[in-house]
K.L.:
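Got a structure for you, questions after.
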Amino acid sequence: MGTLADKLTVLLADAFESAGYDRSYGDVRVSDRPDLCQFQCNGALGAARQYRANPRQIAQNVVDSISAPDVFGALSLAGPGFINIVLKDEFIAAHIQEVYGDDRLGCEITSTLGRILVDYGGPNVAKPLHVGHLRAAIIGESIVRICRFVGHEAIGDVHLGDWGLQMGLIIEGLRDRRPDLPYFDAGYIGPYPEEPPVTIGDLEELYPQASEREKGDPAFAEAARQATVELQAGRPGYRALWRHFRDVSVEDLQQSYELLNIRFDLWLGESDTQDRIPGLIARLKEEGYATQSQGALVIEVDDPEDKESMPPLMLEKTDGAVLYGTTDLATIDQRVEQFQPDYILYVVDNRQQHHFRQVFKASYKTGVAPESTRLEHNGFGTMNGKDGKPFKTREGGVMKLKDLIELVTGHARARIETIESVREYDEEEKEHIARIVGVAALKYADLMNHRTKDYVFDLDRFSSFEGRTGPYILYAAVRIKSVLRRAEERGLQPDSILAPQSESERDLDLKLSELPSVVDLAFETRAPNHLCEYAFQLATAYNRFYHTHHILNEKDAERRASWLAVSGVTLRVLEKVLDLLGIEVPGRM
Ligand code: ARG
């Protein structure tokens with residue numbers, strides 16, 4: 001079905017054609033001067049260049065060849081040849097009626113279905129999940145949902161960082177505390193205990209301590225490096241220990257992600273592709289792609305055609321250790337083999353842009369990725385504190401995600417207590433609402449800016465019930481739920497949508513009709529902020545409508561039933577958009 005603008009584009013294209021011009025000039029879009037008209041078509045300007053004619057005359061010819069009396073309320077020329085469009089209210093209402101009857105709210109399924117693998121989250125085992133990973137998870141989850149709604153098959157992979165030096169550091173850190181554990185005894189032949197020797201709390205302590213010690217204690221640093229090498233070479237005790245670290249971490253991560261309404265399809269990690277690295281490297285050497293450079297093995301990725309020169313991608317260091325890039329290359333190899341994806345999207349910090357450029361170039365050059373698999377880095381900026389530096393706790397440490405969730409929930413809790421109706425709810429429900437509202441505040445604030453921008457963490461602003469905030473939008477959604485609930489209690493049913501009666505109702509209808517174009521834009525640009533802005537505008541349009549009309553007290557039964565239907569479709573659109581953002585809506589508040 002598409003948007004109203006899509007429907008008008010067909011009519012205008014027909015008109016251009018019957019006036020003797022190319023159809024492609026018929027493109028109609030929402031007006032950027034809503035005070036003058038609802039939609040506009042600027043195609044006559046382009047046509048004037050092609051046909052070497054006066055654009056105003058072309059526009060006039062086009063308007064003259066339109067005959068759709070049921071559609072257009074007014075068609076007028078403006079400026080050098082713009083066509084300004086105002087629709088008949090009946091036509092608008094009929095469109096919203098169609099949206100109401102459509103499961104997909106007017107959004108068509110894409111005709112070019114693809115398989116899209118999304119690499120997001122990227123937490124590191126043993127290191128606490130911190131706010132740096134928050135954005136990856138929040139933005140990535142929304143991108144996955146958008147891809148799916150558009151009709152693609154999307155597969156989300158958390159891509160755990162479970163294979164680096166951090167593992168050696170905690171092995172050595174734990175050895176210091178518990179040298180008696182069998183994992184450290186090279187002569188021990190198993191079986192190893194099933195019970196993990198550490199809790200998540202231990203890991204959260206062990207890693208920072210070990211990483212601090214590494215800086216000032218060369219012997220410890222060397223031991224950790226050695227332990228990492230032995231772990232990677234397969235020393236049984238270290239492998240068993242590593243598996244415990246990984247399991248304990250994953251369990252904790254899953255809890256945090258669950259609270260954030262984030263779910264991955266795959267829980268693969270860097271470790272899962274290590275097996276294929278030797279074979280891959282052998283092939284790359286054989287085919288001449290991997291070459292020696294100052295003792296290291298590299299792939300040259302510099303391209304004289306490029307503006308900037310690019311250093312080679314390092315595959316193996318002098319000591320034989322493989323690197324982050326090697327793992328990413330092997331992961332692409334594995335993903336291509338297993339899934340044949342049309343796209344792999346990497347929702348990872350902007351600061352890794354250079355890394356991904358190198359990896360992508362190396363992948364295409366070596367045929368690890370076929371041309372048909374599009375590799376894309378969807379980078380994002382930093383969440384900063386009010387000092388403009390990456391967000392920290394009051395003590396200056398990195399804030400853990402769990403603490404952050406607790407912080408926003410506590411904040412929301414205080415806010416919702418100010419809502420009269422909420423005060424009567426039992427503790428459990430209050431807590432539930434507080435979590436949803438707190439997380440919505442956080443997620444919306446994160447998603448509302450274009451992902452590549454940095455933003456400042458300002459909990460008071462995020463949590464306000466006014467302006468572009470999660471709570472404001474949730475409140476609008478909950479308000480509609482309450483209207484519909486009260487209507488049902490009184491036995492009132494929604495029915496046919498009538499022509500809008502007021503400006504606020506017309507604006508709401510027009511806003512409702514825009515969903516498909518917003519979804520397309522968010523998908524094409526991998527940018528959920530467009531959905532955030534739309535949710536805000538829709539919530540605002542509904543609030544205005546709600547304050548203009550007394551829906552439940554309306555005496556005219558047909559009118560009341562129409563308003564209930566408009567309210568119902570608004571709720572569905574709002575909930576759909578929030579769902580695409582990964583934001584839940586409470587039943588009431
Ligand atoms: N674990 C990495 C980090 O914390 C992010 C991983 C991103 N994904 C990837 N395929 N490299 O920086």
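We count ligands from 1, going down the list as the structure has it; atoms in each ligand are counted the same way. Owing to the predicted nature of the structure, the values given are computational and were not obtained by experimental measurement.
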K.L.:
Could you walk me through whether His377 and Asn350 pass side-chain hydrogen bond (donor to acceptor under 3.5 Å, both in side chains), step by step?
P.N.:
CA-CA 9 Å; His377 175 208; Asn350 278 339; 5.4 Å; no
K.L.:
Answer yes or no: is there an ion pair linking Arg276 with Asp333, defined by an N-O contact shorter than 4.0 Å?
P.N.:
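Judged by the 4.0 Å cut-off on N to carboxylate O distance, Arg276 and Asp333 do form a salt bridge.
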K.L.:
Considering non-hydrogen atoms of the protein only, which is the closest contact for atom 6 (C) of ligand 1, and what is the distance?
P.N.:
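So the nearest neighbour among protein heavy atoms is Tyr324 OH, 3.4 Å.
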K.L.:
Ring of Tyr238, cation from Arg235 - is the NZ or CZ under 6.0 Å from the centre and inside 45° of the axis?
P.N.:
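Because its charged atom sits under 6.0 Å from the ring centre and within 45° of the axis, Arg235 does stack over Tyr238.
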K.L.:
Can you check whether Gly122 has an N/O within less than 3.5 Å of an N/O in ligand 1?
P.N.:
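There is such a contact, yes.
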K.L.:
Within a strict 4.5 Å, meaning less than it, do heavy atoms of the Phe264 and Tyr120 side chains meet?
P.N.:
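Sidechains of Tyr120 and Phe264: in contact.
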K.L.:
Quick check: does Arg335 get an N/O under 3.5 Å from an N/O on ligand 1?
P.N.:
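N/O-N/O distance under 3.5 Å: no.
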K.L.:
Identify which of Leu160, Val347, Asp328, Val359 has a heavy atom lying nearest to atom 10 (N) of ligand 1.
P.N.:
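The residue whose heavy atom sits nearest atom 10 (N) of ligand 1 is Asp328.
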K.L.:
Looking only at heavy atoms, is any part of Thr331 under 4.0 Å from ligand 1, and if so is it the side chain, the backbone, or both, or is it neither?
P.N.:
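Neither part.
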K.L.:
Looking at Phe149, does the NZ or CZ of Lys576 lie under 6.0 angstrom from its six-membered ring centre and within 45 degrees of the ring axis?
P.N.:
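Verdict for Phe149: a cation-pi partner in Lys576.
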K.L.:
Look at atom 8 (N) of ligand 1 and say which protein heavy atom is nearest, naming residue and atom and giving the distance to 0.1 Å.
P.N.:
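Scanning the protein heavy atoms, the shortest distance from atom 8 (N) of ligand 1 goes to Asp119 OD1, 3.1 Å.
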K.L.:
Are Glu286 and Arg283 within salt-bridge range, i.e. N to O under 4.0 Å?
P.N.:
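No.
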K.L.:
So, for Tyr534 and Leu515, which heavy atoms are closest and what is the spacing to 0.1 Å?
P.N.:
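What the structure gives for the nearest pair is OH-N, 3.5 Å.
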K.L.:
Is it true that Asp446 and Arg451 have a side-chain N and a carboxylate O under 4.0 angstrom from each other?
P.N.:
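Here Asp446 does not pair with Arg451 in a salt bridge, since their nearest N and O are not under 4.0 Å apart.
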K.L.:
Compute the shortest N/O to N/O distance between Glu270 and ligand 1 and return yes if it is under 3.5 Å, no if not.
P.N.:
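N/O-N/O distance under 3.5 Å: no.
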K.L.:
With a heavy-atom distance limit of 4.0 Å, tell me whether Phe356 approaches ligand 1 through its side chain, its backbone, both, or neither.
P.N.:
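For Phe356, only side-chain atoms sit under 4.0 Å from ligand 1.
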K.L.:
Counting each atom of ligand 1 from 1 as listed, which ones have a heavy atom of His159 under 4.0 Å away?
P.N.:
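This gives 8 (N), 9 (C), 10 (N) as the contact atoms.
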K.L.:
To which protein heavy atom is atom 12 (O) of ligand 1 closest, and what is the distance rounded to 0.1 Å?
P.N.:
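For atom 12 (O) of ligand 1, the nearest protein heavy atom comes out as Gln352 NE2, 2.9 Å.
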K.L.:
What atoms of ligand 1 come within less than 4.0 Å of a heavy atom belonging to Tyr346?
P.N.:
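Under 4.0 Å from Tyr346, ligand 1 has these atoms: 10 (N).
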